[in-house]
Amino acid sequence: MSKQVRVRFAPSPTGPLHIGGVRTALFNYLFAKKNNGVFFLRIEDTDQNRFVPGAEAYIMEALEWLGIPPDETIGKNEKFGPYRQSERKPLYREYADQLINSGWAYYAFDSAEALDAARKEQEEQGKTFIYNHTNREILDTSLVISAEETTKRIANGAAYVIRFKTPVGETLHLQDIIRGDVKFETSLLDDKVLFKSDGMPTYHLANIVDDHLMETSHVIRGEEWLPSMPLHVLLYRAFGWDAPEFAHLPLILKPVGNGKLSKRDGDKLGFPVFPLEWKTEEGISSGYREKGFFPEAVVNFLALLGWNDGTDKEIYTLEELVEAFDLNRVHKAGAKFDPEKNKWFNHQYLIKQKDEDLAKAFSPIVAERGVSTSENQLTTIVSLIKERANFVSEFWDLSDFFFVAPTAYDEKASKNWKTETPALMQELIAIVEEINDFTSVNIETIVKDWMTENEIGMGKVMQPFRLSLVGTLKGPHLFDIVELIGKEETIKRIQKAIATL
C-alpha cells in the first residue's frame with residue numbers, strides 16, 4: 001500500500017450502538033493497526049431530525065470500554081477536524097455548487113405533491129417511479145427551466161434539493177476487497193439528493209467530501225451500503241478525486257430464522273445487542289458490560305463473526321487479532337449470531353481471570369445477601385466454582401451453600417437417603433468430630449479409609465453426605481466444601497439432614 005492507511009468508523013448519533021456497528025468499528029480498527037495506519041471516528045449528524053441526545057457520548061464510551069478507541073476524533077488528535085459533520089456544514093455547500101457548475105448535479109424544485117402524483121401515474125401504468133434520466137427533464141428541475149429562472153426561484157426562497165445527475169447507459173465494474181468485481185448499470189440508478197434547501201447535505205455528499213478531505217484510504221462498512229457504492233464512486237469521478245478502496249462486510253444474522261439481527265431478537269432470546277446499557281423513557285435495553293461480559297470476550301466473539309484466519313483457533317488476544325486480520329479472509333455470506341457461543345467466549349475469559357480479581361467482583365454480591373466472609377475464603381470459593389460459570393453474576397447460585405445451610409433438599413437426590421442412611425451419617429459425625437487436621441486431603445483420606453475398612457459402598461455415604469451439606473448433588477469436590485465450611489458447620493448440617501430426611 002503506497003499511501004498511509006486511514007480508515008474510519010462513521011456512525012450517526014441516532015441511538016445506542018448496535019453490535020453490528022461495533023463489529024464494523026472493530027474490523028476498521030484491526031485493519032488500521034495491522035497496516036500501521038490510523039483509525040478515526042467521525043460523527044455523521046447531518047440528519048438533525050433523527051439526532052438523539054447522549055448517543056454520541058455513548059458511542060465513544062462503548063469504543064473505549066471495548067479497548068478499540070479511535071486515534072483521531074472529537075477532542076483527540078484533530079488533524080482533519082472537525083470530526084462532527086454538523087460542524088463542517090459550510091464546506092458542503094461549496095462542493096454541491098462545484099457539482100452544479102460542472103454539470104454533475106442539478107436543482108430540483110418538485111413539491112411533495114407533484115412527486116406523489118408522478119409516482120401514482122407510474123404505478124397506474126404498472127411501473128415503478130424512479131427519479132432519474134427517464135423523467136428528470138420533464139420534472140421541475142434546472143435542466144428544464146432557464147438559468148435565470150433557477151436563480152430567481154432560489155433568491156425568492158423556493159424550496160429545492162440538489163440531485164446528482166447520474167450518467168446514462170454505462171456499466172460500472174467496481175472492485176470490492178471482499179466481494180470482488182461488482183457490476184452496476186447506471187441507467188437503473190436514481191438521481192440521489194445530495195443537498196437540501198435547509199443547508200444540510202445528505203449522507204452521500206457529506207460522506208464523500210469528508211472521506212476525501214480526511215484522506216480515507218479504505219471504506220470498510222456493512223453490506224447494506226453496497227447499493228450506494230456506484231453513486232459514491234461516480235461522485236469521486238465527478239470531483240476528479242481518486243476513490244478509496246471499498247470492502248462491504250457481511251450482515252450479522254438472527255440466531256433463528258432469516259434476516260438481520262435486531263434488538264427484538266435479543267429481547268426475545270435474552271441476550272444484549274448493545275455494548276452498553278441504554279436507558280430511555282420506554283425502559284432499559286441491556287448492554288454487554290452490565291450483563292457481565294468481559295470486553296475482550298465481546299471483541300474476540302465479534303471478530304469471528306464473518307472472519308477467520310483459516311485455522312481452528314478461536315481464542316485471540318487483541319494483539320493476535322491485529323496480527324492475523326486480513327480483509328481477504330472476510331466471508332461474503334452473513335454470519336449467524338449464536339448466543340450460546342457468545343457465552344462460551346465469556347466463560348473462556350472468565351476462567352483466565354485471577355481468582356483474587358473475580359473475588360473482588362463477587363464480593364458485593366455476597367455482601368448484598370448479608371453474608372460476611374474473608375477475602376481469602378472468597379478467593380478459594382471462586383477458584384472452586386469458576387469453571388462452572390459464564391458470568392460472575394452466576395457465582396452465588398453456584399456457591400450459596402458455602403455461606404448458608406440448605407433449607408430444603410432436592411427431591412430427586414433425596415431418593416439416595418435410604419433406611420440405613422441415618423445410622424451411617426451418625427457414624428460419619430463421630431469420624432469427623434475426631435479429625436484435628438481439618439484439611440480437604442486429610443478429611444478425605446480418613447473418611448475413605450473408614451468406608452474401606454467397613455466395606456461400605458461409596459454411594460451409600462458420599463451422596464447423602466453431599467446432600468446434607470449442599471441440599472442437592474451439585475457443587476465442587478465434597479471435601480473442599482467440608483474444609484471451607486468447617487467442622488462445626490459440617491456436623492450441624494449432617495444432624496439437620498438426619499432430623500429432616
*Between Lys3 and Glu215, is there a salt bridge with N-O shorter than 4.0 Å?*
no
*asked:* Check this for me: does any side-chain nitrogen of one of Asp116 and Lys120 sit under 4.0 Å from a carboxylate oxygen of the other?
replied: no
_Under 4.0 Å between a side-chain nitrogen and a carboxylate oxygen: does that hold for Asp97 and Arg93?_
yes
*Answer yes if the ring centres of Phe325 and Phe27 are under 6.0 angstrom apart, and no otherwise.*
yes
_Name the residue from Glu72, Arg42, Arg88, Glu78 that meets the side chain to side chain donor-acceptor pair (under 3.5 Å) definition with Tyr83._
Glu72
*Indicate yes or no: at least one non-hydrogen side-chain atom of Thr166 is less than 4.5 angstrom from one of Leu234.*
yes
*Aromatic ring centroids of Trp396 and Phe403 under 6.0 Å?*
yes
*Do Gln85 and Ile43 come close enough that some side-chain heavy atom pair is under 4.5 Å?*
no
*In terms of side-chain geometry, is the basic nitrogen of Lys192 or Asp190 positioned less than 4.0 Å from the acidic oxygen of its partner?*
yes
_Check this for me: does any side-chain nitrogen of one of Arg84 and Glu87 sit under 4.0 Å from a carboxylate oxygen of the other?_
yes
*Does the ring centre of Phe293 sit less than 6.0 Å away from the ring centre of Tyr288?*
yes
*Compute the ring centroids of Phe345 and Tyr316, then answer whether they are less than 6.0 Å apart.*
no
_Check: Val382 main-chain N/O paired with Asp355 side-chain donor or acceptor under 3.5 Å_ = no
*Would a distance-only check, ignoring hydrogens and angles, find a side-chain to backbone donor-acceptor pair under 3.5 Å from His18 to Pro275?*
no
*Does NZ or CZ of Lys89 come closer than 6.0 Å to the centre of the six-membered ring of Tyr92, within 45° of the ring's axis?*
no
_Geometric cation-pi criterion Lys33 and Tyr29, 6.0 Å radius, 45° cone_ = yes
*Determine, for Tyr131 and Arg163, whether the Lys NZ or Arg CZ falls below 6.0 Å from the six-membered ring centre while staying within 45 degrees of the axis.*
yes
*Considering only heavy atoms from C-beta outward, does the side chain of Val299 approach that of Leu321 to under 4.5 Å?*
yes
